[in-house]
There are 2 protein chains.
Amino acid sequence: MIRDSRLSSVLHGLLHMIGAGEPVTSEQLAQAMATNPVVVRRVMAGLREQGLVRSEKGHGGGWTLARDPADITLADIYRAVGTPTIVAMGHRSENPGCLVEQAVNDALSGTFREVEALFLKRLGAVTLDALAKDFKRRLAKHKQSLEDQIHAIK
Amino acid sequence: MIRDSRLSSVLHGLLHMIGAGEPVTSEQLAQAMATNPVVVRRVMAGLREQGLVRSEKGHGGGWTLARDPADITLADIYRAVGTPTIVAMGHRSENPGCLVEQAVNDALSGTFREVEALFLKRLGAVTLDALAKDFKRRLAKHKQSLEDQIHAIK
DNA sequence: TATCATGTAACTTCATATGTTACATGAGCG
DNA sequence: CGCTCATGTAACATATGAAGTTACATGATA
């Protein structure tokens with residue numbers, strides 16, 4: 001099973017940052033991500049290390065995107081968020097001397113690499129910018145729908 | 001991240017059963033799987049429900065394969081071992097009303113299905129029998145290597 | 001009926017992710 | 001300069017789930 005509710009959560013935060021136009025504080029992000037400021041800093045620190053976001057201290061400080069959203073893919077974010085490998089199975093005792101272990105590993109390790117590669121390839125095909133646009137589309141549609149309802153009442 | 005050290009562990013147990021020719025007790029499997037009997041029963045119960053193994057109580061009882069190893073794939077075992085979906089991400093609050101959530105889900109859910117399908121396809125291509133044969137090959141090779149060393153000393 | 005083995009509930013670790021508190025550091029503003 | 005705002009981070013608390021453990025019931029066989 002793939003962990004992260006973190007990826008989803010971070011994407012919330014990043015979409016928020018795209019819309020903001022000015023530095024967003026951890027406090028604000030914490031609300032968007034339904035968590036608290038310290039957790040936000042912890043997670044964002046990973047993105048900062050990968051050069052995806054910047055942080056500024058003091059007045060008017062906060063978090064900003066460090067790169068064009070069109071140049072950031074979900075794969076970049078996934079990696080930065082800190083799940084190194086999707087698949088990390090067995091090898092419980094990391095016992096390379098065991099011949100059963102060797103046979104099992106041989107049968108599975110190639111599969112794991114393939115699966116992970118496919119996963120990252122798909123994530124790599126979606127940019128943050130594309131995601132933001134999709135979101136805006138949904139927002140516009142939603143707004144339209146509400147307006148229609150108002151009209152129907154009148 | 002994919003869980004299971006369980007898959008790897010169970011495969012140990014099953015290979016052990018193939019070699020045995022008679023029912024293997026939870027006690028014995030526990031040793032092969034580096035765990036304890038109760039955990040073995042718990043995990044094997046899943047395999048039994050899927051009709052992969054049988055259990056017998058009393059004297060001479062224990063666990064046996066219920067099907068030809070050539071008809072059991074690693075995918076069968078993986079499923080029986082109880083990880084329903086490989087990928088189970090985000091949706092922390094399972095908040096379908098959130099438009100960001102919707103955009104993210106749309107971008108990722110297809111990917112998840114694809115990745116899972118590939119994973120199961122690859123596992124489905126390896127039978128328990130094939131794994132057992134691979135293990136035997138390694139064993140023979142290892143034995144040969146040891147004999148060579150003895151010769152070298154003489 | 002004594003023994004061996006599974007079946008299972010209940011409880012105890014153990015690991016890890018997440019949340020929280022507290023305080024240090026640095027940036028700007030009066 | 002000192003005040004406030006914001007990040008940076010260590011240390012601790014909580015929650016969840018997997019794995020291990022104990023205890024006892026059930027069924028099979030000698």
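Order of the sequence lines sets the chain letters (A, B, ...), proteins ahead of strands, with each chain counted from 1. Not measured: the values here are computed from a predicted model.
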In terms of hydrophobic clustering (I, L, V, M, F, W, Y; side-chain heavy atoms under 4.5 Å; direct or indirect links), are Val38(B) and Met33(B) co-clustered?
no
N/O (side chain, Ser26(B)) to phosphate O (OP1/OP2, dT6(C)) under 4.0 Å:
yes
In whole angstroms, the gap separating C1' of dC5(D) from CH2 of Trp63(A) amounts to 15 Å
Are Leu128(B) and Asp76(B) packed together at the side-chain level, in the sense that at least one heavy-atom pair is separated by less than 4.5 angstrom?
no
I need the CE-P distance between Met44(B) and dA19(D), as an integer number of Å.
14 Å
Results of side chain to side chain donor-acceptor pair (under 3.5 Å) for Thr127(A) - residues two or more places apart only
none
How many Å lie between CZ on Arg54(B) and P on dG7(C), as a whole number?
13 Å
Distances for protein N or O near nucleotides 8-14 of chain C N or O, under 3.5 Å:
from    : atom 1 : to       : atom 2 : distance (Å)
dA10(C) : N6     : Arg42(B) : NH1    : 3.4

In whole angstrom, what separates Leu29(A)'s CG from dG8(D)'s P?
12 Å
Under 3.5 Å, is there a donor-acceptor pair between the Asp106(B) and Gln102(B) side chains?
no
In whole Å, I'd like the distance from the CD atom of Gln28(B) to the P atom of dC4(C).
14 Å
Should we count CZ of Arg54(B) as having more than 12 external heavy atoms under 6.0 Å?
no
A quick test of your reading: do over 12 heavy atoms of other residues, nucleotides or ligands sit less than 6.0 Å from CD of Gln31(B)?
no
Rounded interatomic separation in angstrom, taking CD from Glu27(B) and P from dT22(D)
12 Å
Does dT18(C) have its OP1 or OP2 closer than 4.0 Å to a side-chain nitrogen or oxygen of Thr35(A)?
no
Measuring to OP1 and OP2 of dT21(D), would you say a side-chain N or O of Asn36(B) lies under 4.0 angstrom away?
yes
Using distance alone, with no hydrogens and no angle criterion, decide if Trp63(A) and Thr25(A) have a side-chain donor and acceptor under 3.5 Å apart.
no
Same cluster (ILVMFWY, side-chain, under 4.5 Å), Leu123(B) and Leu118(B):
yes
I need the CD-C1' distance between Glu22(A) and dC5(D), as an integer number of Å.
14 Å
Check the interface with nucleotides 26-30 of chain C: list each N/O to N/O pair with the protein under 3.5 Å, or write none.
from    : atom 1 : to       : atom 2 : distance (Å)
dG26(C) : O4'    : Lys57(A) : NZ     : 3.1
dG26(C) : N2     : Gly58(A) : N      : 3.1

Does Thr25(A) put a side-chain nitrogen or oxygen below 4.0 Å from OP1 or OP2 of dC5(D)?
no
Side-chain touch Gln50(B)/Leu47(B), heavy atoms, less than 4.5 angstrom:
no
